[in-house]
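Just so it is clear, the values below take in all heavy atoms, side chains as well, and ignore hydrogens, waters and symmetry mates.
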Amino acid sequence: MFDVYITLKNEAALLPYFLRYYGDRPTCRRIVALDNSSDDGSLAILAAHPKVDIRTFVPSTDSYVCDVQVWVNEVWRESVGLVQYAILSTVDEWVGPDLETRLNSYSAAGVTVLRPQAYDMVSEDFRSPFDVTRGVPSSFYNKPFVIDPNAIRSSNFTLGTHDAAFEGDVKLVSPKDLSIYHYRYLGREETWARYQALQLMRQAGDIVKGCGSQYEMTRSDFDAKFDSLLQQAIELEPLRPPE
């Protein structure tokens, strides 16, 4: 069994697929979603799924990323004694393939933290993530965000959960058979629009810390990056929804 914890704002395009992938699995106990004032229909999509617990983001600093860091470092404790693993993620980061079999195998082996290899998944046009088969290795997103809440005493995640200083019974593995599929570049125009929206979402503290600086790029720089990703992408095993 596992729990999923996500933060989001305006993810209506991806949410139905995300909930199909995670929420429709019998092994998923619940999905806790911290919503930052979504106004695109995301809240209705979340509310319609029986396993989703919606929380409302309330800022306490001038940095969204810092506030999320505090939330992530505490909320997974709600899974203690209830599941094998807690997945601390975002709507565009999915772990797979063959999720249940491999989580069970690592749990049986006593692994308490999983840090899978990440891939930036890319397609010229927006399509179902289940139909996206090409991605680019992205070590920056190799996040240790699958943890055993019963073994870890403190997570101490850094900003964006890119790293952590875990305390407790820490047995960390970088698995060869699990990956993070980062569905960040699904559709050139859709991704550009999302970049612009995320740039507007940055708070003063985020800008000072350089968090989300990639959203400042010009359209020409963005197109060059997107073209480069399309050229570098390799074929991967697609993730599939539960049957």
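Annotation: the span from S139 atom OG to H162 atom NE2 amounts to 11.0 Å, rounded to 0.5 Å. For the atom pair CE of M1 and CG of L103, the computed distance is 12.0 Å after rounding to the nearest 0.5 Å. Summarising the geometry, atom NE2 belonging to H49 is positioned 7.5 Å from atom SG belonging to C28; distances are rounded to the nearest 0.5 Å. Atom CG of L19 and atom CD1 of I6 lie 7.0 Å apart (nearest 0.5 Å). Rounding to the nearest 0.5 Å gives a distance of 3.5 Å between OG of S60 and CG of D67. To the nearest 0.5 Å, atoms CG (D163) and CZ (F157) are separated by 9.0 Å.
A salt bridge links E78 with R55; the closest basic N to acidic carboxylate O contact falls under 4.0 Å. Between R127 and D131 no salt bridge is recorded (no basic side-chain N to carboxylate O distance below 4.0 Å). A salt bridge links R194 with D92: the closest approach of a Lys/Arg side-chain nitrogen to an acidic carboxylate oxygen falls below 4.0 angstrom. Taking 4.0 Å as the cut-off between side-chain N and carboxylate O, R219 and D223 count as a salt-bridged pair. With respect to the salt-bridge test (charged N to carboxylate O, under 4.0 angstrom), the residues R202 and D62 do not qualify. A salt bridge links D53 with R30: the closest approach of a Lys/Arg side-chain nitrogen to an acidic carboxylate oxygen falls below 4.0 angstrom.
Among all heavy-atom pairs drawn from N150 and L82, the shortest one is OD1-N, 4.3 Å. Counting all heavy atoms, side chain and backbone alike, F166 lies closest to V170 at CB-CG2, 3.6 Å. Nearest approach of Q117 to S138, heavy atoms of both residues: NE2-N, 3.6 Å. Considering all non-hydrogen atoms of both residues, I147 and P144 come closest at CG2-O, 3.8 Å.
No donor-acceptor distance shorter than 3.5 angstrom exists from the side chain of D221 to the backbone of M217, with no hydrogens or angles considered. D148 places no side-chain N or O within 3.5 Å of a backbone atom of T112 that could act as its donor or acceptor partner.
Aromatic ring orientation, Y215 versus Y195: perpendicular (interplanar angle above 60°, classes split at 30° and 60°). W94 and Y21 have parallel rings, their planes meeting at less than 30° on a 0 to 90° scale where 60° marks the start of perpendicular. Between H182 and Y141, the ring planes lie tilted relative to each other; the angle falls in the 30° to 60° range.
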Test side chain to side chain contact (heavy atoms under 4.5 Å, CB included) applied to E237 and S179, step by step = CA-CA 10 Å; E237 178 182 352; S179 300; over 6 Å; no

Between V173 and V113, is a side chain to side chain contact (heavy atoms under 4.5 Å, CB included) present by the stated rule, with each step listed?
-> CA-CA 6 Å; V173 167; V113 181; over 6 Å; no

Show your reasoning for whether side chain to side chain contact (heavy atoms under 4.5 Å, CB included) applies to L186 and L14.
-> CA-CA 10 Å; L186 301 191; L14 270 181; 4.0 Å; yes

Can you list the steps and then say if S174 with L172 is a side chain to side chain contact (heavy atoms under 4.5 Å, CB included)?
-> CA-CA 7 Å; S174 296; L172 188 152; 4.3 Å; yes

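In this model, a donor atom of one side chain and an acceptor atom of the other lie less than 3.5 Å apart for N10 and D39. Using modelled atom types and a 3.5 Å distance limit, the side chains of T61 and S63 yield no donor-acceptor pair.
Looking at heavy atoms from C-beta onward, S107 lies in side-chain contact with Y85 at the 4.5 angstrom threshold. Between Y119 and V136, the closest side-chain pair of non-hydrogen atoms is not below 4.5 Å. Using a 4.5 Å heavy-atom cutoff, the side chains of P97 and R102 are in contact. Between L114 and L178 there is a side-chain heavy-atom pair separated by less than 4.5 Å. In this structure, the side chains of Y17 and V91 stay at 4.5 Å or more apart for every pair of heavy atoms. Here the side chains of P241 and D24 are not in contact, with every heavy-atom distance at 4.5 Å or above. By the 4.5 Å heavy-atom criterion applied to side chains, V72 and F145 are not counted as neighbours.
Both W192 and Y183 belong to a common hydrophobic cluster when Ile, Leu, Val, Met, Phe, Trp and Tyr are linked at side-chain heavy-atom distances under 4.5 angstrom. With hydrophobic clusters built from ILVMFWY side chains whose heavy atoms lie under 4.5 angstrom apart, I152 does not share a cluster with V70. Following chains of ILVMFWY side-chain contacts shorter than 4.5 Å, one can reach Y106 starting from I180, so the two form part of one hydrophobic cluster.
None of I54, D3, L46, V52 except one satisfies the side chain to side chain contact (heavy atoms under 4.5 Å, CB included) rule with I31; the exception is V52.
N36 meets the side-chain contact (heavy atoms from CB on, under 4.5 Å) test with K9, F57, Y64, M201; sequence neighbours excluded.
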